[in-house]
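Single-structure report; data block below.
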Amino acid sequence: MGWIVTIDGPAASGKSTVSRELAKRMGWNWVSTGAFYRGLAFVALQKNIQFDDIDALLALSHSDEWSVKMSDDKTCVYFNDTDVTDMIFREDVGNFASKISHYPEVRKSLLDHQRACSLGGAGLVAEGRDCGTVVFPNAHAKIYLTADQTHRAARRAAEEGGSAENIMASQQQRDQQDSTRKVAPLQVPEQAFVLDTTHLSLTDVMEKVEKFIRVKIPV
Ligand code: DC
């Protein structure tokens, strides 16, 4: 197993962009663990499975009808061998993902697949909600990114289109769900480097993140 860096934080806090860029600079693999929840949510929605039908969700999580694969710029989701990655970022899929992520059984069923991403390669940057606390508690360096709510909604609206007000309402609901759930809630991991990205450019964020990483990981 190589080096592991985790980046956690709320919706649209910049985790994906920053973690992807960091992995590129280090020459490591990158995974967005949200893709596992979004992938399961997307497939469940396609099959009209209700968010509280745990048995059906568990069966689906172990099914080989869908899979997650890492690449340099996307964590891809395949459904029956079709790449559905572009469809998992819809806000309705994100919301369904957030709802099913409350169930410990669902979380557990995805955990081994997430951890397997650290096998092979010189290192891994993993981003999500519980990467530093649950998925990789022994990571060599942990980062927690945050940004103010209005800024995060505007950021997602610019990326995905749609009204910033609607996105903000949906993100607020999702943040509330993610940080108050009983199992693996969104929280700052111990010893994490906490960075508020609201008033920082990507260049500034990367500079601070890389400085922190280079101290922790002398490669
Ligand atoms: O990071 P994201 O927006 O793609 O994640 C979508 C949802 O998946 C998020 O609202 C909660 C869930 N999730 C989680 O519970 N744990 C993770 N490590 C990643 C995502």
Side-chain angles (χ1 to χ4, degrees), residues 4-20 23 30-45 51 54 57-58 60-61 66 68-71 73-77 84-118 124-137 139 142-147 149 152-153 155-157 159-160 162 167-189 192 197:
I4 299 179
V5 171
T6 60
I7 304 192
D8 292 304
S13 54
K15 307 181 299 276
S16 292
T17 311
V18 173
S19 55
R20 189 193 299 120
W30 167 69
V31 67
S32 167
T33 55
F36 288 85
Y37 292 92
R38 285 178 182 270
L40 180 59
F42 176 80
V43 177
L45 283 165
F51 76 89
I54 309 293
L57 287 171
L58 284 184
L60 195 57
S61 79
W66 69 286
V68 175
K69 290 196 178 74
M70 291 187 284
S71 81
D73 59 342
K74 280 180 184 171
T75 303
C76 298
V77 174
V84 295
T85 313
D86 288 345
M87 286 180 263
I88 65 170
F89 294 102
R90 295 188 327 227
E91 210 44 51
D92 63 322
V93 178
N95 218 286
F96 196 95
S98 172
K99 284 190 178 133
I100 62 174
S101 72
H102 280 226
Y103 297 107
E105 304 90 328
V106 171
R107 302 198 68 81
K108 196 159 172 276
S109 73
L110 298 175
L111 207 50
D112 286 347
H113 300 288
Q114 294 172 354
R115 287 184 174 148
C117 295
S118 69
L124 174 75
V125 183
E127 65 97 341
R129 300 292 187 295
D130 64 342
C131 290
T133 49
V134 176
V135 187
F136 299 113
K142 302 179 184 183
I143 295 165
Y144 185 90
L145 293 185
T146 183
Q149 192 103 56
R152 291 194 281 120
R155 194 181 273 170
R156 192 45 57 86
E159 285 167 5
E160 303 289 320
I167 292 178
M168 184 149 101
S170 171
Q171 280 180 354
Q172 266 168 348
Q173 187 192 353
R174 201 138 69 83
D175 288 347
Q176 168 76 7
Q177 286 170 182
D178 293 346
S179 46
T180 56
R181 68 178 174 226
K182 290 201 179 72
V183 187
L186 170 66
Q187 57 184 340
V188 181
T197 65

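What you see below is based on every heavy atom in this structure, not just the backbone, and it leaves out hydrogens, waters and symmetry mates. First listed ligand is number 1; within each ligand, the first listed atom is number 1.
Using modelled atom types, one finds no donor on one side chain facing an acceptor on the other under 3.5 Å when comparing Gln114 with Thr33.
Residue pairs meeting the side-chain hydrogen bond (donor to acceptor under 3.5 Å, both in side chains) criterion with at least one member in residues 97-107, sequence neighbours excluded: Tyr37-Arg107, Ser98-Gln177, Ser98-Asp178, Ser101-Arg181, Arg107-Asp130.
Counting non-hydrogen atoms of neighbouring residues, nucleotides and ligands closer than 6.0 angstrom, the NZ atom of Lys69 exceeds 12 such neighbours.
Between Phe51 and Phe96, the angle of the ring planes goes over 60°, which puts this pair in the perpendicular group of the 30/60° scheme.
The nearest pair of heavy atoms linking Cys117 to Met70 is O-CE, 3.6 Å.
For the pair Thr75 (side chain) and Ser32 (backbone), a donor-acceptor distance under 3.5 Å is present.
Near ligand 1, residues Lys15, Thr33, Gly34, Tyr37, Arg38, Ala97, Ser98, Ser101, Arg107, Gly128, Arg129, Asp130, Arg174, Asp178, Arg181 each place a heavy atom inside the 4.0 Å sphere around the ligand atoms.
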